[in-house]
Amino acid sequence: MKTFSNRVNAITASPTLVMNGLAKQMQAEGIDVINLGVGEPDFQTPKNISDAAIEAIQAQKTSFYTPASGLPALKQAIVENVSQRYEAAITTQNVSVTTGAKLSLYVLMQVLLNPGDTVVTAAPEWVSYVEQIKLAGGELIEVHSESSSMKLTISDLDKIKETVKLVIVNSPTNPTGQVYSKQEIQDILDWSNTHGVYVILDEIYGQLVYNGAEFTSGLQLQHLENSAMIIVDGVSKAYSMTGWRIGWTLASSEIISAMNKLLGHMTSNPTVAAQYAAIEALNGEQDTVENMRQAFEQRLNTTFEAINKINGVHVDVKPQGAFYLFPQVDEKLKKLVGVSNTVELSTKILEEAHVALPAGEGFGMPGYLRLSYAKDQDTLNEAVLRLTQFFKKYTKD
Ligand code: PMP
Ligand code: GLU
């Protein structure tokens, strides 16, 4: 019988990557599309990092398998980086390097979840959590927090009646850009310890915080050994290395061993040249990270104001990190445009205004659009102009 698995039939394609693909296809057809659809920095990977990969290839270091969990030198670089940034004492036994942070998350769901296990996260949440949990047979509870910043709180967690196996917290958050305070992270860790629940802290945007906001890593608050706290991070966002596919998990050696067992049957190891690039990213000079961070900060400040000037479109709480705005679109405005939801709206905006913005539906929050401001200021200005004109067309009497 020629059928596909129920597993793959149950999931939908990544809406961010679909939108990226659509925008690129239109660009290839000669249409001038502004692609604010996918979350990736617009900067080239810093040269010292690319050069390290080229040197590794030329020195014939990249031909053979590495340990499934990554090169010892990369794990050591991660350990040193973490100990400098967070004064956290971890060892290489607490590190598993994966083909992007996305694979870390995928493998963690496979390691931690049995069919029917409950996972909690705050909506809106990053698109891949939803499908990765499904693929592991888990049941997702999307908390619609009462807090205006849409963060997960202890009072939200206390209201959940089901037995929870795992909580996922993403700070800074994709797509809202909110940053959890030290106290908020501490509260969630305390709650998870009391209830014997795993916590994944997705810290992929941890170095991208703005206007004086302070990022707190779980590593500043709790040890990893014998703990149910798991950190996911990587080089994609802070070092502008999305295409290199290097991420990692930091967790107790027990969790890491279980992950490595699985990785040995999945990837064997992350690409070696990319691992050498990641070593240089972590050990080399860090000025480029700060320069990119400052550029994102300026773009946030200008784009946040500009978006809020469009009638019927608003971001209520200013983001403090990552590189997304998640504006809500008023019901009245949707009606005037002639759409019944934000999926239809995002399609219409792509077709008519040539701006790619994924809809909130993919993030568990209909009524919103996501805008990635990881683009140069001129492009962002042009995008805002196009959006303003698009909505004006439907609102003028
Ligand atoms: N977590 C979040 C919240 C993200 O936005 C991304 C970006 N795709 C990832 C994890 C995965 O990052 P990557 O696989 O590029 O390391
Ligand atoms: N994290 C990015 C985003 O949310 C990259 C795309 C993806 O992996 O989904 O757009």
Side-chain angles (χ1 to χ4, degrees), residues 11-24 35-43 45 70 74 78 96-109 121-133 150-152 168-180 200-209 215 230-250 263 266-267 270-271 274-275 277-278 281-282 296 319 321-326 346 356-365 368-375:
I11 61 165
T12 51
S14 164
T16 49
L17 297 184
V18 168
M19 185 52 89
N20 193 32
L22 267 178
K24 286 196 166 156
N35 185 3
L36 308 184
V38 73
E40 63 178 346
D42 56 321
F43 301 103
T45 302
L74 175 52
I78 294 166
S96 182
V97 180
T98 54
T99 305
K102 190 181 272 185
L103 188 67
S104 272
L105 289 158
Y106 177 84
V107 172
L108 283 165
M109 306 304 174
T121 196
E125 71 283 319
W126 179 47
V127 294
S128 290
Y129 298 152
V130 181
E131 308 302 342
Q132 292 186 350
I133 292 164
M150 304 191 231
K151 293 188 226 174
L152 190 65
I168 305 175
V169 174
N170 174 215
S171 172
T173 308
N174 176 3
T176 62
Q178 294 305 312
V179 176
Y180 285 63
I200 295 178
L201 299 175
D202 180 343
E203 301 185 350
I204 192 85
Y205 298 100
Q207 294 195 68
L208 297 175
V209 292
F215 167 69
I230 301 159
I231 309 289
V232 172
D233 201 347
V235 289
S236 283
K237 313 292 175 174
Y239 297 94
S240 205
M241 290 178 69
T242 49
W244 296 82
R245 312 308 302 130
I246 296 290
W248 53 82
T249 298
L250 309 177
L263 283 165
M266 293 178 71
T267 48
T271 304
Q275 292 194 61
L282 296 170
F296 290 136
F323 34 61
Y324 307 104
L325 292 174
F326 197 58
S346 93
L357 303 173
E361 278 83 345
F363 300 82
M365 189 76 77
Y368 292 74
L369 295 168
R370 193 192 71 170
L371 180 157
S372 164
Y373 58 82
K375 283 275 183 276

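Just so you know, ligand 1 is whichever comes first in the structure, and atom 1 is the first atom listed for that ligand.
Taking a cut-off of under 4.0 Å to the non-hydrogen atoms of Lys102, the atoms of ligand 2 that pass are 7 (C), 8 (O), 9 (O). The Lys102 neighbourhood of ligand 1 comprises atoms 11 (C), 13 (P), 14 (O), with distances under 4.0 Å to a heavy atom of that residue. Listed by atom number, the atoms of ligand 2 under 4.0 Å from Ser14 heavy atoms are 9 (O). Taking a cut-off of under 4.0 Å to the non-hydrogen atoms of Tyr324, the atoms of ligand 2 that pass are 1 (N), 2 (C), 3 (C), 4 (O). For ligand 2, the atoms closer than 4.0 angstrom to any heavy atom of Val38 are 5 (C), 6 (C), 10 (O). Residue Leu17 approaches ligand 2 through these ligand atoms, each under 4.0 Å from one of its heavy atoms: 6 (C), 7 (C). Near Tyr205, the atoms of ligand 2 lying under 4.0 angstrom from a non-hydrogen atom of the residue are 1 (N).
From the protein, the heavy atom lying nearest to atom 1 (N) of ligand 1 is Asp202 OD2, 2.6 Å. Atom 8 (N) of ligand 1 has its closest protein heavy atom at Trp126 CZ2, 3.3 Å. Atom 7 (C) of ligand 1 has as its closest protein heavy atom Lys237 NZ, 2.8 Å. Considering only non-hydrogen protein atoms, atom 5 (C) of ligand 2 sits nearest to Gly39 O, 3.7 Å. Protein heavy atom in closest approach to atom 7 (C) of ligand 2: Thr16 OG1, 3.4 Å. Considering only non-hydrogen protein atoms, atom 1 (N) of ligand 2 sits nearest to Lys237 NZ, 3.2 Å. Closest to atom 16 (O) of ligand 1 among all protein heavy atoms lies Ala101 N, 2.7 Å. From the protein, the heavy atom lying nearest to atom 14 (O) of ligand 1 is Arg245 NH2, 2.7 Å.
In this structure, Thr242 falls outside the shell of residues with a heavy atom less than 4.0 angstrom from ligand 1. Between Gly100 and ligand 1 there is a heavy-atom distance shorter than 4.0 Å. Proximity of Glu40 to ligand 1 is not established, as no heavy-atom distance is less than 4.0 Å. Residue contact check for ligand 1: Gly247 places no non-hydrogen atom closer than 4.0 Å to it.
Distance OH/Tyr129 to CG/Asn170: 3.5 Å, rounded to 0.5 Å. Put simply, CH2 on Trp248 and CD1 on Ile204 are 7.5 Å apart, with the number rounded to the nearest 0.5 Å. Atoms CD1 and CG, from Ile78 and Leu282 in turn, are 6.0 Å apart once rounded to the nearest 0.5 Å. In this structure, CD1 on Ile168 lies 10.5 Å from CG on Leu152, to the nearest 0.5 angstrom. Separating the CG atom in Leu103 from the OG1 atom in Thr249 is a distance of 8.5 Å, to the nearest 0.5 Å.
Residue contacts with ligand 1 for Ser236 involve side-chain atoms from C-beta outward but no N, CA, C or O (heavy atoms, distance under 4.0 Å). When non-hydrogen atoms are compared, ligand 2 lies under 4.0 Å from neither the backbone nor the side chain of Thr242. Of the heavy atoms in Met19, none comes closer than 4.0 Å to ligand 2.
Every N/O-N/O distance between Ser128 and ligand 2 stays at or above 3.5 Å. Checking only distances, Asn170 never comes within under 3.5 Å of ligand 1, N or O to N or O.
The aromatic rings of Tyr368 and Phe326 sit parallel to each other, their planes meeting at less than 30°, with 60° as the upper class boundary.
In this structure a side-chain-to-backbone donor-acceptor pair under 3.5 Å is missing from Gln275 to Gly70. With Thr45 contributing its side chain and Ser240 its backbone, the two residues share a donor-acceptor pair below 3.5 Å. Side-chain atoms of Thr173 come within 3.5 Å of backbone N or O of Gln178 as a donor-acceptor pair. Checked by atom type and distance alone, the side chain of Gln132 pairs as donor or acceptor with a backbone atom of Lys102 at under 3.5 Å.
In this structure, Leu105 and Thr98 have side chains that are not in contact, with every pair of non-hydrogen atoms separated by 4.5 Å or more.
The only member of Leu36, Val127, Asn174 that meets side chain to side chain contact (heavy atoms under 4.5 Å, CB included) when paired with Arg370 is Asn174. A ring-ring contact (aromatic ring centres under 6.0 Å, His included) with Tyr205 is found for exactly one of Phe296, Phe215, Phe323, namely Phe323.
Cation-pi geometry between Lys151 and Tyr180 is met: the NZ or CZ atom falls under 6.0 Å from the ring centre, inside 45° of the normal.
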